[in-house]
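Step one of this worksheet: look at the structure below.
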Amino acid sequence: MKTQEKPSIPTSPAYAAITEDHKQLELKYKDLDPKLCIPETPTMALLPFTGYYGLTIDGVKGAFFTVDTNMHMAEGATTPVYHIKLIVSLDGGNSQSFAFTGTTGTFNENKLSLVT
């Protein structure tokens, strides 16, 4: 019988940043009663667009825009809490991320606006 090896854990800076972000979200929503958290309309409208979008910018390879959605379920909860972050890289190497809530942006008629 062969012993199963433990999977290796990625150590890249990007993976570390995502891991830290998830830890922060877990702390943020740890004591939140999901029944009292009603998702903002813009958040729910943007939710179906979760994903990665390549950007076409002359002379730039790898530019992208991402709608990153995390769903948090508190232990014993039946209602999820959604957290959306917008990530943009205009140079294909560096990126910036912005939390998207009903107070930081809108998404109406397929037009996304963000207040930073």
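In terms of the ring-ring contact (aromatic ring centres under 6.0 Å, His included) criterion, Phe65 has no residue partners (sequence neighbours excluded). Qualifying ring-ring contact (aromatic ring centres under 6.0 Å, His included) partners for Tyr53, counting only residues two or more places apart in sequence or in other chains: none. Every residue meeting the side-chain contact (heavy atoms from CB on, under 4.5 Å) condition with Ser113, not counting sequence neighbours, appears here in chain and number order: Thr106, Lys111. When the ring-ring contact (aromatic ring centres under 6.0 Å, His included) test is applied to His83, no partner is found at least two apart in sequence or on another chain.
Residue pairs meeting the salt bridge (Lys or Arg N to Asp or Glu O under 4.0 Å) criterion with at least one member in residues 41-54: none, sequence neighbours excluded. Pairs engaging residues 58-74 under the side-chain hydrogen bond (donor to acceptor under 3.5 Å, both in side chains) rule: His22-Asn70, Thr50-Thr69 [sequence neighbours left out]. Residue pairs meeting the salt bridge (Lys or Arg N to Asp or Glu O under 4.0 Å) criterion with at least one member in residues 82-98, sequence neighbours excluded, are Asp21-Lys85.
Across all their heavy atoms, Gly62 and Tyr52 have their closest contact at O-OH, 4.4 Å. The two residues Ser89 and Gly92 come nearest to each other via the heavy atoms OG-N, 3.0 Å.
Connection of Tyr82 to Ile87 is not established within any shared hydrophobic cluster, with ILVMFWY side chains joined at heavy-atom distances below 4.5 Å, either directly or through further cluster members.
Taking CG of Leu86 as the reference point, atom CZ of Phe49 lies at 13.0 Å (rounded to 0.5 Å).
Cluster partners of Leu27 are absent, since no Ile, Leu, Val, Met, Phe, Trp or Tyr has side-chain heavy atoms less than 4.5 Å from it.
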For this session: Begin with the C-alpha distance, continue with both residues' side-chain angles, and end with the deciding distance and a verdict on side-chain contact (heavy atoms from CB on, under 4.5 Å) for Val67 and Ile84.
Result: CA-CA 7 Å; Val67 178; Ile84 292 181; 3.9 Å; yes
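Counting only heavy atoms from C-beta outward, the side chains of Val88 and Phe98 approach each other to under 4.5 Å.
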